[in-house]
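So you know, we letter chains A, B, ... as the sequences are listed, proteins then strands, and number each from 1.
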Amino acid sequence: MLAKRIIPCLDCDLGVPHGRVVKGVQFKQIRYAGIPWELAEEYDRQGADELIFLDITASHERRETMAKVIEKTSENVFMPLTVGGGIRAIADARTAFNSGADKVSVNTAALKNPDLINDIAKYFGNQACVLAIDAKRRYGREPGREMVDTPDGECWFECSFYGGREFTGIDAIQWAIEAEERGAGDIMLTSMDRDGTKDGFDIELTKAVSDSVNIPVIASGGCGNPEHILEVLRDTNASAALAASIFHFGEYTVGEVKECLRKGGVHVRM
Amino acid sequence: MIAIIDYGMGNLRSIHNALAKVGGNPVIVSDSNALLDADADAVVIPGVGSFGDAMRNLTPFSDRLFDLVDSGTPLLGICIGMQVLFERSEESDAAGFGLLEGDVIRLPDGVKIPQMGWNELTIRSDTDLLAGINDGDFFYFVHSYYCVPEDERVIAATTDYGVDMAAVVEKDNIHAVQFHPEKSSKKGLKILKNFVEMVKC
């Protein structure tokens, strides 16, 4: 039986030599967490199932630095590696794959040019294309939106781009469905309302998207403890959960999270 | 040295790094002459791309590959590199190498396709390749099609994803795995180490 995946996310500031892992709070304040490949090796020892490296600077000049980070990581870490942030074209994706990445995640560039999803899927396979969605709750009924009931009232979810700085008017659930049709292999779904809060995942968002598509959904944003991961993997159809700060700052190990999941009846790789 | 066949379809760094990590001496070969010159002790067909593309790009290597297999050189096929060893696939009209008898068919309805993630092995035979691997150990799979060998005896291990399918097949010097050992952390490295040791013997 396929196991649910636990994915530490390494937000990389590539503006310093060799890069460093940082963590933002609700897409803003920044804390320093460590050197990317050292953290990656530590998460491998702890039993992580996959790693995501996000270039939060997302600029062209930094692409080679990210390639170096992945090259260095893939010398000693043997699990699926995803690179995101600043992937704008097939050439960016190829640079990532040549450095040892298995998947790329796209967000802003795909919202601006949806054919990028088709192109990545065609050249490198569906499994290599992760669509990242940053979604924010919008309360109040609007025509043409996928409305979702939540304890705080009815809302729809709006996609954001440029790292949460701008909004698109695009409905996140509809965008996820379109991305699947275009050939995305995974949806990495981040709740902007929860990201960095440690209040737990947005269950309604995760449930709505994972019930609407037939590709794996990676729940992201808001993880504060192992019980939050148990909740989202038990109560929604998400295939994986992503967390950053609970791992980076040594609050919990991946092993502790998996032990909590196992006891809660979620199938994980121990 | 271990020749990794580069058929022009993507990331070979992981398998190269993984074989080097476990004491192998991998060399990426990009054309059939290089494979001829390489004097390979073993050959790896890595797993990237679709069946039709893989066969089209692998065909120039086929004569040399058959010679190596006939002479007893260990071969390891990974993922699509396993599937091309069979006779045919539902994914493409292109014929496979036919080194193993059987078909490659699409995963059943009712499961998410591709299978992507970590799944468990059920061991059927304790082969050298699977030394140190136990029932229930997890490996990383990414695939939409699976192999159905005509002779069930070649199946060394299975995995369950909507159907109980061949995950490891072995026949004489031919070894093949549906999962990606180079992406399966310690247990994956163990399998590659077992393969490297087979080569040294």
From the list B:V44, B:L58, B:I28, side chain to side chain contact (heavy atoms under 4.5 Å, CB included) with B:I5 holds only for B:L58
Please determine, among [options], the option with the most heavy-atom pairs under 4.5 Å with chain A.
options                       : result
B:Q115, B:K112, B:K21, B:H180 : B:K112
B:A20, B:S185, B:P114, B:G136 : B:S185
B:H16, B:H143, B:E182         : B:E182

List the atom of [X], the atom of [Y], and the distance in Å for their closest heavy-atom pair.
X      : Y      : value
B:A157 : B:L121 : CB-CD1, 4.2 Å
A:D44  : A:F78  : OD2-N, 4.3 Å
A:N107 : A:A132 : CG-O, 3.4 Å

Looking only at heavy atoms and a cut-off of under 4.5 Å, which of [options] has the most pairs with chain B?
options               : answer
A:V268, A:L81, A:N214 : A:N214
A:G47, A:S99, A:P80   : A:P80
A:I215, A:N126, A:V77 : A:I215

Interchain contact, B:S14 with chain A, by part (heavy-atom threshold 4.5 Å):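 Both parts, backbone and side chain.
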Listed by number, the residues in residues 253-262 of chain A that come under 4.5 Å of chain B (heavy atom to heavy atom) are none
Do the ring planes of B:F138 and A:H267 sit parallel (below 30°), tilted (30 to 60°) or perpendicular (above 60°)?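 Ring orientation, 0 to 90° scale: tilted.
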Using the six-membered ring wherever Trp is involved, compare the ring planes of A:F97 and A:F124 and label them parallel, tilted or perpendicular (cut-offs 30° and 60°). tilted
Tell me, for [X] versus chain B, whether the close heavy atoms (under 4.5 Å) come from the side chain, the backbone, both or neither.
X      : result
A:R5   : side chain
A:A101 : backbone
A:K122 : neither

So, B:F141 versus B:F179, ring centres under 6.0 angstrom or not?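 That pair passes the under 6.0 Å test.
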Carboxylate-amine/guanidinium proximity below 4.0 Å for B:D53 and B:R56: yes
Should A:R182 and A:D115 count as an ion pair when the cut-off is N to O under 4.0 Å? yes
Is a side-chain donor-acceptor pair under 3.5 Å present for A:E42 with A:Q46? yes
Whether the B:E170 and B:T127 side chains hold a donor-acceptor pair (N or O, under 3.5 Å, no angle test) is what I'd like checked. yes
